[in-house]
Amino acid sequence: MVDNSVLVNDDQPFAGLNISETWNNLHHVSERTICPQCNKSRKYFCYTCYLPVAEIKEYVPNIKLPLKVDIIKHSREIDGKSTAVHAAVICPEDVKVYTYPSIPTYDCSGNTVLVYPSASAMTLEELFETQGINNGQKQEISRVIFIDSTWNQSSGMYKDPRLFKLPCIVLKSRITQFWRHQNGVPRWHLSTIEAIHQFFKEYEAVISKESEKLEKDSTSYCENYDNLLFFFRFMYDKIHILYDHDSLKSYKRPLK
């Protein structure tokens, strides 16, 4: 059942989020520049090297994540249109992008989780409640995996033995503000960067709750995860300058 309390107002989709206002400066980028690493022509950032162009480098936030993030990208996903790249640019120390099927073999002991709504998927709260004790200490996750693909492609990738045995996490319902349309997919299906943002907001809430129970300080987790949406916020604005919101098919999708 959908929790209507998580519905986002389409008139103010980013209300209440603490996203650096420097995203506005990206509107001043008019020309493509050469990536210093691969020498390819890019605008805003290089989606091969995951580097912002020199013109905007000082405006782009750099986020340190409490967990390592692996993004498994379908080979047919277009790099220049994928929001997964946003995370790699903003979190260079903690995010790696792999192109399926060239992916690592993961440890299935519980330290690595996959964000995917499988039949056995748990919420983060349920995961923390059921995590076992290892050598006298509570086992904690250290890596989270996201699949970057269309919904139909993701089901095939999930069947890969390297992913299928991993514990799965399901996120709380939230409608997407992504402008790319997918036929037959409701608005509860988030873009990759929205899913990463949602995960870490939920993770932050669970860690704070666990710290309160144990009377521990949780300030080490107080990062501004809203800045994960830095490029997404800018591109949303750019799209809506060019197109009327109500004319875009993506926002007309049903909620079921």
Side-chain angles (χ1 to χ4, degrees), residues 2 6-15 17 19 23-24 26-27 29 32 42-48 50 52 56 60 69-91 95 97-100 114-117 145-158 170-201 225-256:
V2 171
V6 298
L7 283 171
V8 177
N9 184 349
D10 271 356
D11 294 330
Q12 295 181 313
F14 303 100
L17 298 182
I19 302 173
W23 65 263
N24 277 296
L26 275 61
H27 280 299
V29 178
R32 300 171 72 88
R42 298 292 189 239
K43 193 173 185 181
Y44 309 122
F45 52 78
C46 178
Y47 46 78
T48 304
Y50 312 125
I56 67 166
V60 178
V69 172
D70 284 2
I71 300 172
I72 311 299
K73 182 176 71 69
H74 194 277
S75 59
R76 293 183 182 176
E77 276 295 296
I78 301 172
D79 290 337
K81 294 184 178 180
S82 170
T83 64
V85 179
H86 302 181
V89 176
I90 294 171
C91 313
V95 176
V97 181
Y98 298 92
T99 301
Y100 185 82
L114 172 68
V115 175
Y116 186 81
I145 302 170
F146 296 84
I147 294 176
D148 182 45
S149 70
T150 65
W151 175 244
N152 290 333
Q153 291 166 343
S154 69
S155 59
M157 294 168 68
Y158 172 63
V170 62
L171 301 176
K172 294 179 180 178
S173 296
R174 157 180 167 182
I175 63 172
T176 181
Q177 293 296 335
F178 197 31
W179 45 90
R180 286 180 64 190
H181 179 63
Q182 286 190 49
N183 286 323
V185 177
R187 280 194 70 186
W188 300 109
H189 289 245
L190 302 176
S191 66
T192 302
I193 194 63
E194 288 176 299
I196 295 171
H197 173 255
Q198 179 70 21
F199 175 89
F200 280 104
K201 293 293 282 187
Y225 299 122
D226 291 342
N227 269 332
L228 284 163
L229 297 177
F230 178 81
F231 286 115
F232 187 90
R233 175 69 183 89
F234 162 69
M235 291 181 178
Y236 176 94
D237 194 61
K238 190 174 180 66
I239 288 291
H240 283 75
I241 290 173
L242 299 172
Y243 305 99
D244 178 69
H245 182 93
D246 294 334
S247 70
L248 294 170
K249 287 184 179 180
S250 178
Y251 303 114
K252 296 180 181 179
R253 289 178 290 166
L255 297 179
K256 293 183 180 180

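Excluded from the calculations below are hydrogen atoms, water molecules and symmetry mates; all remaining heavy atoms, backbone and side chain alike, are included.
- Between atom CD of residue Glu194 and atom CG of residue Leu229 there is a gap of 7.0 Å, rounded to the nearest 0.5 Å.
- Between Phe45 and His86, the two ring planes are perpendicular [angle over 60°; tilted spans 30° to 60°].
- Remark: the backbone N or O of Asp79 is not paired with any side-chain donor or acceptor of Ser82 at under 3.5 angstrom.
- Taking the six-membered ring for Trp, Tyr236 and Phe14 have ring centres closer than 6.0 Å.
- Atom OH in Tyr116 sits 5.0 Å away from atom OG in Ser155 (nearest 0.5 Å).
- Salt bridge status for Asp246 with Lys252: absent, with no side-chain N to carboxylate O gap under 4.0 Å.
- Note that CD of Gln198 and OG of Ser191 are 11.5 Å apart. Values are rounded to the nearest 0.5 Å.
- In this structure, Arg187 contributes its side chain and Ile175 its backbone to no donor-acceptor pair below 3.5 Å.
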- Under the side chain to side chain contact (heavy atoms under 4.5 Å, CB included) criterion, do Lys201 and Asp226 qualify, and how do the steps go? CA-CA 8 Å; Lys201 293 293 282 187; Asp226 291 342; 3.3 Å; yes

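- Judged by distance alone, the side chain of Thr83 and the main-chain N or O of Ile193 form a donor-acceptor pair under 3.5 Å.
- Listed for the Ser250 side chain is a donor-acceptor partner under 3.5 Å among the backbone atoms of Phe178.
- Between the side chain of Glu77 and the main chain of Asp148, no donor-acceptor pair closer than 3.5 Å is present.
- A side-chain donor-acceptor contact under 3.5 Å links Tyr251 to the backbone of Gln177.
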- Could you check Ile145 against Val115 for side chain to side chain contact (heavy atoms under 4.5 Å, CB included), going step by step and ending with a plain yes or no? CA-CA 6 Å; Ile145 302 170; Val115 175; over 6 Å; no

